[in-house]
Participant: 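Quick one: this structure, given as structure tokens, is what I'll be asking you about.
Both counts, for ligands and for their atoms, begin at 1 and track the order of listing. These numbers come from a predicted model, not from an experiment. Throughout, numbering of the chain's residues begins at 1 and tracks the sequence.
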Amino acid sequence: MEISSLQKARYGYSPKLPKMLRGGISEICVSEGAETTSVADCEKIKALFPNTYGKKEIVFKKGENTAAVKKQTVGVILSGGQAPGGHNVICGLYDALKAANPENVLFGFKNGPSGLIEDDYIVFDDAYIDEYRNTGGFDIIGSGRTKLETNEQFAIVAEVCKKHGINAVVIIGGDDSNTNAAVLAEYFAANNTGVQVIGCPKTIDGDLKNEDIDCSFGFDTATKTYSELIGNIGRDANSAKKYWHFVKVMGRSASHVALECALETQPNICLISEEVAAKKMSLSQIADYIADSVANRAAKGMNFGVAIIPEGVVEFVPEFSVLIAEINELLAGSKADAFNELPTWEEKYAFIKNGLTEASMEVFAILPQSIQQQLFLERDPHGNVQVSLIESEKLFSALVADKLAARKKAGTYSGKFSPIHHFFGYEGRCAFPSNFDADYCYSLGYNACLLIQYGYNGYLSKVSNLSKPADEWVAGGMPITKMMNIERRHGEDKPVIKKALVELDGKPFKYFEAHREEWAVETSYLNPGAIQYYGPTEVCDLTTKTLALEKAE
Ligand code: FBP
């Protein structure tokens, strides 16, 4: 297979491990800390996880390895959306397993959790692993979104593990996948299977973080990739001086990606969904907010700009989420067929008008027709509108255009407004991992092997102190149940890992808030440029601004 020059060079990159993990597996011992409790709903979580709740947090350190000597046969899966660095988690796990004992075996189950159920796997060897070192993507074994959550599925997984003699499963996934990892770990313990489960925190969305997990892997590379593109767009906008660029960035729910890109590039506008919800902003208020920036810049002769829109924002607009709920209700069950059979949009529109409350109809009526139709076209397997498919960058530019037209009529605005739309999501999920992600992921995988060796079950591989150089990173493990609370999901109380949304009193948002008024009017664009893989450490080993601000003393 032909490969690029960069890929060839990256094969030779040696990921940096925390100092405490260097020097050989036989020289790493474990230090147990305090017993843990869940972040909330302790009694309920304890009752649901009687075998895995309350375990001790642990840290590895230099010392004689006292783990029982036995052959390890481990299975690994990648779960959910791609995130740069996933291959390195597997490489780190593989290398540590082989360093501990060349007889150890690593199974890779294909295409996500379904591979474990269908017993679809490969057994890794050096040649296979070497082709994926420091590369982006999840193509090493593929990924998938099947959820492992029922006892029937767990029983099949237990059988598959028994068949291959697998004594541990590593699940590389986001908050939901790691929640399911905890449930699987509890099942394995309760049924005395002898199989351990270790999770690794993945997602470009950056919403799997808490007091133990500094950040999920992939966030660093993905946001740097989007920021490079947004920085280039800012420079183009300031060169041509004729377009307003509306850039939607991924992040299904939380706005960490949008915020980080804003900190990196200093656009004129960046919406933060969590703020929209907290201030209960309406679509009209958001459009006015953006239109103010457009008008103020136009008054200074600048008919161009850059606005970042987080993918999930519409769900955080209270009136919009009510509208979505009503549409879901309107099309529930067989009512969807009746709707779809209506031959013209006019008839469909009348059906909608008849079914929505007056307040929701008012919101619906101001949407551009293309967005109105998107709300009725795309349904998820549960029959719900897929909010992530709504082209919110187009929605907001259309609403802003309406606002500006009204202002023009009133004689309060006389600029030009030519919007251009972009959506950056998939562009960043499989990029070559930055040195940070390459190092972090390799360390997570390496560390997962140690957790297995020492017999831990239901733990998340934890590598922290990440705002410092890799030398000072701290490796250990945290019981997943510590991160859990009870939340209402699909009408039921469920134990889940708490999703981290942008904190409006957190340092990254506060920094943004302190500067955004100036950015809205001035041209303060920063162009961070492409990820650097080689060169001085101050350009190659940068963490995100979010992490740097969060950990600033
Ligand atoms: P994970 O939470 O599984 O990491 O995926 C996050 C994400 O990349 C979101 O940013 C995006 O909304 C979604 O996946 C897209 O999903 P798909 O890959 O199924 O289109």
Participant: Please check whether Gly80 reaches ligand 1 - meaning an N/O of the residue sits under 3.5 Å from an N/O of the ligand, judged on distance alone.
Facilitator: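 By distance alone, the answer is no.
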Participant: Once the angle between the rings of Phe109 and Phe107 is folded into 0 to 90°, is it parallel (under 30°), tilted (30 to 60°) or perpendicular (over 60°)?
Facilitator: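 Geometry flag for Phe107 against Phe109: parallel rings.
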Participant: Which atoms of ligand 1 have any heavy atom of Gly251 under 4.0 Å away?
Facilitator: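 Ligand 1 atoms under the 4.0 Å threshold to Gly251: 10 (O).
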Participant: Do you see a donor-acceptor pair shorter than 3.5 Å between the side chains of His421 and Ser397?
Facilitator: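 Yes - a donor-acceptor pair under 3.5 Å links their side chains.
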Participant: Given Ile204, Asp175, Asp205, which one has a non-hydrogen atom that is nearest to atom 6 (C) of ligand 1?
Facilitator: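 Answer by nearest heavy atom: Asp205.
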Participant: Between Tyr13 and Arg10, is there a cation-pi geometry (under 6.0 Å to ring centre, at most 45° from the normal)?
Facilitator: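 Judged by the rule, Arg10 and Tyr13 form a cation-pi pair.
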Participant: Just checking, is any N or O donor in the side chain of Glu326 or Ser360 under 3.5 Å from an acceptor N or O on the other one?
Facilitator: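 Yes, Ser360 and Glu326 have a side-chain donor paired with an acceptor closer than 3.5 Å.
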Participant: When you measure from atom 12 (O) of ligand 1 to every protein heavy atom, which one gives the shortest distance, and what is it?
Facilitator: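 Sorting protein heavy atoms by distance from atom 12 (O) of ligand 1 puts Glu311 OE1, 3.0 Å first.
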Participant: How close does the nearest protein non-hydrogen atom get to atom 19 (O) of ligand 1, and which residue and atom is it?
Facilitator: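 Among all protein heavy atoms, the one nearest atom 19 (O) of ligand 1 is Arg145 NE, 3.0 Å.
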Participant: What do you reckon, does Ala83 put a non-hydrogen atom under 4.0 Å from ligand 1?
Facilitator: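 Outside the 4.0 Å threshold, so no.
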Participant: Scan side-chain atoms only and decide if Thr221 and Asp437 contain a donor-acceptor pair under the 3.5 Å cut-off.
Facilitator: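 A pair is found: one side chain offers a donor N or O, the other an acceptor, under 3.5 Å apart.
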Participant: Among all protein heavy atoms, pick out the one at the shortest distance from atom 13 (C) of ligand 1; state its residue, atom name and that distance to 0.1 Å.
Facilitator: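 Here the closest protein heavy atom is Arg252 NH2, 3.4 Å.
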Participant: Considering only heavy atoms of Tyr426, which atoms of ligand 1 have at least one such atom less than 4.0 Å away?
Facilitator: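 Near Tyr426, the atoms of ligand 1 are 15 (C), 17 (P), 18 (O), 20 (O).
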Participant: Could you find the nearest protein heavy atom to atom 8 (O) of ligand 1 and give me its residue, atom name and distance?
Facilitator: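 Going by distance alone, atom 8 (O) of ligand 1 is nearest to Arg429 NH1, 2.9 Å.
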Participant: Under 3.5 Å, is there a donor-acceptor pair linking the side chains of Asp220 and Ser434?
Facilitator: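 Indeed, the side chains of Asp220 and Ser434 share at least one donor-acceptor pair under 3.5 Å.
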Participant: Quick one: which ligand 1 atoms are inside 4.0 Å of a heavy atom on Thr203?
Facilitator: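 Atoms satisfying the 4.0 Å criterion: 1 (P), 2 (O), 4 (O).
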Participant: Minimum heavy-atom separation for Ile286 to Val317, with atom names?
Facilitator: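 Ile286 and Val317 have their closest heavy atoms at CD1-CG2, 3.8 Å.
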Participant: Would you verify whether the NZ or CZ of Lys202 falls within 45 degrees of the ring axis of Phe217 while also being under 6.0 Å from that six-membered ring's centre?
Facilitator: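 So Lys202 doesn't make the cation-pi contact.
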Participant: Does Gly81 come within less than 4.0 Å of ligand 1, judged by its heavy atoms?
Facilitator: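 It does, in that a heavy atom of Gly81 comes within the 4.0 Å cut-off of ligand 1.
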Participant: For ligand 1, which atoms sit closer than 4.0 Å to a heavy atom of Lys202?
Facilitator: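 Those atoms are 1 (P), 3 (O), 4 (O).
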